[in-house]
There are 2 protein chains.
Amino acid sequence: MVADRAGVSRQTVSNAVNAPHRLRPATLAAVTSAIEQLGYRPNQAARSLRTRATRVIGCRLLPSAHNGTGGVLDRLLHALCDSARSNGYDLLTFSAEDDDDEISIYDDLLRRHAIDGFILTNTHHVDARPDWLLARGALFVAFGRPWSRRGAKHSWVDVDGARGTAEAVTHLARLGHRRIAFLGVHEGSGVGDDRLAGWEREAGRLRLATNGLLARAEDGIASGRTLAAQLLESARPPTAFVCVSDAMAIGAMRAIEDRGWRPGHAVSVVGFDDSPVASVIRPGLSSLRQPIEAVANQLVETLLAVLSGEQVRPARLLLPPRLVVRVSSGEREDRRGAPAAPASPRMQAEVATTRKGEVP
Amino acid sequence: MVADRAGVSRQTVSNAVNAPHRLRPATLAAVTSAIEQLGYRPNQAARSLRTRATRVIGCRLLPSAHNGTGGVLDRLLHALCDSARSNGYDLLTFSAEDDDDEISIYDDLLRRHAIDGFILTNTHHVDARPDWLLARGALFVAFGRPWSRRGAKHSWVDVDGARGTAEAVTHLARLGHRRIAFLGVHEGSGVGDDRLAGWEREAGRLRLATNGLLARAEDGIASGRTLAAQLLESARPPTAFVCVSDAMAIGAMRAIEDRGWRPGHAVSVVGFDDSPVASVIRPGLSSLRQPIEAVANQLVETLLAVLSGEQVRPARLLLPPRLVVRVSSGEREDRRGAPAAPASPRMQAEVATTRKGEVP
DNA sequence: AACGTTCATATGATCGTTCATATGGCGGTC
DNA sequence: GACCGCCATATGAACGATCATATGAACGTT
């Protein structure tokens, strides 16, 4: 506590740091300058010990295995770190084999008082983690809706997958498509069902056919290829695919190429997640980009509100994804030889914000 | 300290946790059982305050912008978390705009005593960070050699890029290639120069031409495409490309396709980093996979040795990458119609360890 | 001028550990 | 039997901050 160089007591220094408004301007200036000169920063351990707050947020790394998350982990982490740090918090990361493993790490961190709260990632059906955390009295915010139950007692932020796939349908319909298929995953995955619902809803709204245009399998390139091939060989084949993931979409593109056609010319494809691959493969894959940075900001803000105790009722936030248009959806040329309708200003903006450095 | 339930003093509990050998078996058992029953874990803040050690390691997230690092950040983080945790440490991550920003975060974390040591990533020429940390007396280990100077005073772990590109040349030569080009980045990048050196060295050793077979530009798909096209149009074109990155390699594949050829048939390509894209694009891109998990283990182990004060002389560790063979290097068919030489057992092993879930 | 109120700053205690050191018991040696 | 040394355990202090509370100064009111 050499900061008594300012000629005041410890407590005054503490106030200067934590409640500057309490000090008279002159005193504050003196203390601040002493702090500057000595390069003082409060010792985190001592502070945590006394206040019982570590100013650290814990977050499990999304499992690498997640095909769909290519690039999402990276973006989410960067954004979380930035949001946390600009709010005076740090991010502690850990990886876990499965939910049980993750819970045991939660337990460890909580018992050691190494953390103030968690950001839960990768929520899914029959997810034991929220209940465990709630029962434990731990504070957290989830990235992902609680898929299993309606009135969850915790706050969450999620991306509106249905809105995304609906937008994809709108986009394709505007380009002239009438038979738009959906390549999804097996029923029971919250994310998958959500994205499917958007396709179904929007197709209904636009009075487009859905019969015989839905195919589901495990996520993956191989699945996408097989499913798309089956649909393309059917009596009334689709002219476009909206896909639950970029992996599925890439599979669909392969199936189209397998028939000697070009994705975006003969048949259009839209993926989901805008993974790095989407901008690299040829032709470029139109895809729905999750607003990960906004999600991270909201997650951190909400968690801090929860930590501060202000948050009385759980927050529920649904953010819209954004369609990144590339060649695979066929915007650049009309499928039937007629000149394409001019893109709307909004579309142009979207094209312009396509990730830099990519090769269309 | 409800753990006095065991009928002993605080200090004995402390000893049971930190120096069990000091206790008589009977006492230890009593304390341990009390600890179990109460689910006690030492409060991290109190412990840190007293011992001046936080058991937290800091690590900057690799910048997303890094094209070449697709998938590397993800793997590195998971591995670092696992290694740290199994050694009783936690990983604190942060992102930074540039080196200055990073240094100011170091400064903050050190001043607050929020961290024991750092893992430095993404070392490069004229890197102010190691010197700053050394001058500050901070403990750290770098992932990446100190490219600017010889006898660095700090420990580091790195991947032997030269060895990787040399292996790629060996592999291609074994498949019959005599004119193997290298697509590199501008001189001055440590990683880039290292990888180039391996190609040059191995080509020399095998008495292969290098004249007119080296092309350099900024990293990226577009660059790779342009450079490869130029070389292919030259008087004595190469029959294979070793590339400084997967991005360059993908560019080279495009240039090959631009001429109506198929990568792996007409001309072979090998990339570097084995990014997720490498296994997804068609044809699959042979690439050099960095042993990130081993790197992470070594980084953590070395850092812990440094933290414990045991490490007297700086450790320097160079780990070899591994060639993951896919279609683009043309192993499966001989380019001139003759049957391909049978793959060596080592090669088969490498093929077998190709990432699961990929579509060849 | 005495009063109560508010604001600015100071004091002692405390958070939960581990450190340094003290104490007591036990066995072996002279 | 007294002494020494060693081992297991206990005691008080300290780590560096904030909390709760006390003190004193400044102010406006009657």
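Below, chains carry the letters A, B, ... as their sequence lines are ordered, and counting in each starts from 1.
Contact annotation: the side chain of R112(B) approaches that of D90(A) to within less than 4.5 Å [non-hydrogen atoms, C-beta and beyond]. In this structure, the side chains of S83(A) and Y89(A) stay at 4.5 Å or more apart for every pair of heavy atoms. With a 4.5 Å cut-off on side-chain heavy atoms, S148(B) and H125(B) count as touching.
F143(A) is linked by a ring pair (Phe, Tyr, Trp, His ring centres under 6.0 Å) to nothing, counting only residues two or more places apart in sequence or in another chain.
N18(B) places its CG atom 16 Å from the C1' atom of dT9(D), with the value rounded to the nearest Å. Taking atom NE2 of H21(B) as the reference point, atom C1' of dT9(D) lies 14 Å away to the nearest angstrom. Here the P atom of nucleotide dA17(D) and the CZ atom of R47(B) are 21 Å apart, to the nearest Å. Computed from coordinates, the Y40(B) OH to dT18(C) P distance equals 6 Å when rounded to whole Å. At whole-Å resolution of the value, CG in L23(B) and C1' in dA10(D) are 13 Å apart. Taking atom CG of residue N15(B) and atom C1' of nucleotide dG16(C), one finds them 16 Å apart after rounding to whole Å.
Of the options L120(B), I105(B), D99(B), a side chain to side chain contact (heavy atoms under 4.5 Å, CB included) to R60(B) is made by D99(B) and by none of the others.
Residue R41(A) is in sugar-phosphate contact alone, with no base atom involved, counting any heavy-atom pair closer than 4.0 Å across all strands shown.
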Within the sub-3.5 Å range, which N or O atoms of nucleotides 20-24 of chain C have a protein N or O partner, and how far apart are they?
none

So which protein nitrogen or oxygen atoms get under 3.5 Å of nucleotides 13-15 of chain D's nitrogens or oxygens?
| residue | atom | partner | partner atom | Å |
| --- | --- | --- | --- | --- |
| dA13(D) | N6 | R10(B) | NH1 | 3.3 |
| dA14(D) | N3 | R50(B) | NH1 | 2.8 |

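At a cut-off of 3.5 Å, with distance as the only test, no side-chain donor of E36(B) or T32(B) sits close to an acceptor on the other residue.
The phosphate of dT17(C) has neither OP1 nor OP2 within less than 4.0 Å of any side-chain N or O from S14(B). Listed pair T12(B) / dA10(D) meets the phosphate criterion, a side-chain N or O lying under 4.0 Å from OP1 or OP2.
Taking the six-membered ring where the residue is Trp, Y106(B) and F118(B) present tilted rings, their angle falling between 30° and 60°.
In this structure a side-chain-to-backbone donor-acceptor pair under 3.5 Å is missing from H124(A) to W147(A). Checked by atom type and distance alone, the side chain of D131(B) never pairs as donor or acceptor with a backbone atom of A128(B) at under 3.5 Å.
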